[in-house]
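These notes concern the structure reproduced below.
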2 protein chains.
Amino acid sequence: MTAKTVLIVDDEASIREMIAVALEMADYRVLEADNAQTAHAMVVDDQPDLLLLDWMMPGTSGIELARRLKRDTATAELPIILLTAKSEEDNKIQGLEAGADDYITKPFSPRELVARLKAVLRRATPTGVEETVEIDGLRLDPVSHRVSANGEALDVGPTEYRLLQFFMTHQERAYTRSQLLDQVWGGNVYVEERTVDVHIRRLRKVLGDDHQHLIQTVRGTGYRFSTKE
Amino acid sequence: MTAKTVLIVDDEASIREMIAVALEMADYRVLEADNAQTAHAMVVDDQPDLLLLDWMMPGTSGIELARRLKRDTATAELPIILLTAKSEEDNKIQGLEAGADDYITKPFSPRELVARLKAVLRRATPTGVEETVEIDGLRLDPVSHRVSANGEALDVGPTEYRLLQFFMTHQERAYTRSQLLDQVWGGNVYVEERTVDVHIRRLRKVLGDDHQHLIQTVRGTGYRFSTKE
DNA sequence: CGCTAATGTGACAACTTCGTGACAATAACG
DNA sequence: CGTTATTGTCACGAAGTTGTCACATTAGCG
C-alpha cells in the first residue's frame, strides 16, 4: 500500500512540527504550509490525499480556504480535517458546512489525530470497479480475492496476487522489470529489478504446469502475459 | 396504509399533550413516556415507527437514550427526532452524531412538527424485511436476535453479532479491516484496525470448531465469510 | 562448440501480518 | 453502588511473506 500524503496548514511552526512527527511515525508523507496562499498552490501541485487545516490564520482564514477548495471541482474531492481551538467550538457547524469532513479540537493527542485521519481517508477512498477475469480456466476474482485454476483454488501470496491481477488485466503486452515494479509494487519503492524475476518464478510455480506458459519471458526486456504461442 | 405509531418522550406532560393532539389530528397513533427508562421498554415492546425525543430529561438524557438505541441492531433502524431548546442549539452536532435523524428546536409549531416527521418517515428505509439467514447449520435470526449452531444456542456479544450478521449477508467477499470498521462499527468511529482481528477471534471462538472455518483470513487484505474451501 | 549475458532457482534472514491471552476502561444491569 | 459484560488496545509469539544473494541453467551469437 502506498503511503498517503498529508498537507498540514498552520501558521504556528511548533504545531506543524508536532503533527508532522506523529504522522511520520504512522507512515504518512507530510507536506507543510504556513498560510492559505501557499497551501492552495501545494494542493494543486502536489495533490495530497488529505488536508489538515487550521481554522484561524492571519490573512485568508482556514475556513475560507476550505470553502474555496470545495467549490473547485478539481479539488472538491480532497478530504479536509479542520483544527479548531476549544473556544472556537461553536464554529463547528460552520466548518462542516464549508465542506470539512471532520474537525479536531485542540489540544488533541497524536493518537486521536491519526485515528480520525485514518477514518476520514478510509471513507474517502473510492472502491474501483472490480470484475472477475478468467483466461484459459485461470480465474481471478477481486471481490472474493480468490484465484482458481480449473475450479481448484490456488494459494497465491499478496504480491503474486497483485502481479497476476496486473497481468491478467494487461495481456498481450511486454513489460520491463522496471514497469512492473512501478505498476505492481508502486512508484516509490526501491527494490532490485531481479526481485521481479523471483516473484515471476513464484507465480509460475503456483500456476502449475497447466498455466505457467501464460507468463512468458521476453528476453532482454521483461515479461508478458499471453495465451498465444 | 396503517397508521404510523409515534412514541413521544418528554418529562413535561404539557408538551407531550400538545404534541399528541397535533399528531392525532394528523392521524398518527401516539404513545407517551416521561423518562428514558420507560421509553426504552416501550420501544422494544411496542415497536413504534418513530421516536420524538426530548434532549433534556432528568436521569438518562435523551441523547444517551438515542445513542443506546442506535447502537443496538434491534432498534438501530428506528428514526429519531430530537427536541431541543433554543439555548441548547450548540448540541445539534452531538445529537446528529448520536444517530438522530432530525432535530426540532422549541418552540415549534405543530405544523412544522408534522411536516418534519413526515419527511423523516418518508426517508426511513422500509428496513428490508429482516430474514433469518442459515448457512451450514449456523443460523442467525434478526427478529429474535439469536444465533444458533445446529440448533444449539450460541452466546454472541453485541459486536460479534453485528459482525456475524454482516458476514452472513455478505458472503464470498473479502473485506479489509477498514471496510469492516465502516460497515460494522459505523463510519464515525475511531478504532484501531487490529481491533477487528480481536473481534474476529472472539467470533471464531464462539462459533466453535464446527463453524469457525467459515470466517477466513485473507492474508494481506482482511477477512472473508465463505462456505467454500 | 564455447563464451557471455540473461534468466531460473533454491535458500535464507529480515520483515510483516496474524492469532492470542491479558488488561484496563467503560457500559449494562440488577 | 457494586457486580458483571463488553470493548478497545497492547504485547508477544507463531506463521507467512519478501527481497536478496549465490549459483545453476539457458539462449543467443560468432
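Quick note: numbers below take in every heavy atom, side chains included, and nothing from hydrogens, waters or symmetry partners.
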With a non-hydrogen cut-off below 4.0 angstrom, is [X] in contact with a base, only sugar-phosphate, or nothing?
X        : result
A/Glu160 : sugar-phosphate
B/Val196 : nothing
B/Tyr223 : sugar-phosphate
B/Thr195 : base
A/Arg204 : sugar-phosphate

Next item on the list: With axes from five pairs an end, tell me the bend angle of the helix from C/dC1-D/dG30 to C/dG30-D/dC1, nearest 10°.
Entry: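 Answer for the end axes of this duplex: 40°.
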
Nearest-Å distance for atom pair [atom1]/[atom2], residues [X] and [N]:
X        : N      : atom1 : atom2 : answer
A/Lys205 : C/dG8  : NZ    : C1'   : 11 Å
B/Gln216 : C/dG19 : CD    : C1'   : 16 Å
A/Leu203 : C/dT9  : CG    : C1'   : 15 Å
A/Asp197 : C/dA6  : CG    : C1'   : 9 Å
B/Ile200 : D/dT7  : CD1   : P     : 14 Å
A/Gln212 : C/dT9  : CD    : C1'   : 13 Å
A/Leu163 : D/dT17 : CG    : P     : 15 Å
A/Arg177 : C/dT7  : CZ    : C1'   : 7 Å

Item checked: Contact nearer the 5' end of DNA chain D, comparing B/Val198 with A/Val156 ->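 The residue closer to the strand's 5' end, by nearest nucleotide, is B/Val198.
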
Next item on the list: Assign each of A/Glu193 and B/His199 to its nearest nucleotide of DNA chain D by heavy atoms, then name whichever residue's nucleotide is nearer the 5' end.
Entry: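 The residue closer to the strand's 5' end, by nearest nucleotide, is B/His199.
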
Check: Of B/Thr221 and A/Arg194, whose nearest nucleotide on DNA chain C comes first from the 5' end?
Finding: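 Going by which nucleotide is closer to the 5' end, it is A/Arg194.
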
Item checked: N/O donor-acceptor pair, side chain B/Arg202 with base C/dG21, under 3.5 angstrom ->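 No, the side chain and the base share no sub-3.5 Å donor-acceptor pair.
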
Notebook entry, point to check: Any N or O donor-acceptor pair linking the side chain of B/Arg201 to the base of C/dT20 at under 3.5 Å?
Noted result: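 No, no donor-acceptor pair under 3.5 Å.
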
Notebook entry, point to check: Are any side-chain N or O atoms of B/Arg139 and backbone N or O atoms of B/Ser148, one a donor and one an acceptor, separated by less than 3.5 Å?
Noted result: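 Such a contact is absent between B/Arg139 side chain and B/Ser148 backbone.
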
Notebook entry, point to check: According to the interplanar angle, ranging from 0 to 90°, do the rings of B/His170 and B/Tyr175 count as parallel (below 30°), tilted (30 to 60°) or perpendicular (above 60°)?
Noted result: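 Rings of B/His170 and B/Tyr175: perpendicular, over 60°.
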
N or O in side chain of [X] less than 4.0 angstrom from [N] OP1/OP2:
X        : N      : result
B/Thr217 : C/dC18 : no
A/Thr159 : D/dT17 : no
A/Trp185 : D/dG19 : yes

Next item on the list: Please tell me which of the listed nucleotides, D/dG28, D/dG8, D/dT20, lies nearest to the side chain of A/Arg219?
Entry: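 Selected nucleotide (nearest to the side chain): D/dG28.
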
Margin query: Measuring from the side chain of A/Arg162 (C-beta onward, heavy atoms only), which nucleotide among D/dT7, D/dT9, D/dT18 has the closest atom?
Written below: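 My answer, after comparing the listed nucleotides, is D/dT18.
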
Checklist line | Within-4.5 Å side-chain heavy-atom neighbours: B/Asp34 and B/Arg16 | finding: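 They are in side-chain contact.
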
Notebook entry, point to check: Is there side-chain contact between B/Met42 and B/Val9, with heavy atoms separated by less than 4.5 Å?
Noted result: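 Not touching, per the 4.5 Å side-chain cut-off.
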
Verify whether one side chain among [X] and [Y] offers a donor that lies under 3.5 Å from an acceptor in the other.
X        : Y        : answer
A/Arg146 : B/Gln216 : yes
B/Ser226 : B/Glu172 : yes
B/Tyr190 : B/Glu192 : no

Can you list, pair by pair, the side-chain donor-acceptor contacts under 3.5 Å of residues 198-205 of chain B, counting residues two or more places apart and other chains?
from     : atom 1 : to       : atom 2 : distance (Å)
B/His199 : ND1    : B/Glu160 : OE2    : 2.4
B/Arg204 : NE     : B/Ile215 : O      : 3.4
B/Arg204 : NH2    : B/Ile215 : O      : 3.0
B/Arg204 : NH2    : B/Thr217 : OG1    : 2.8

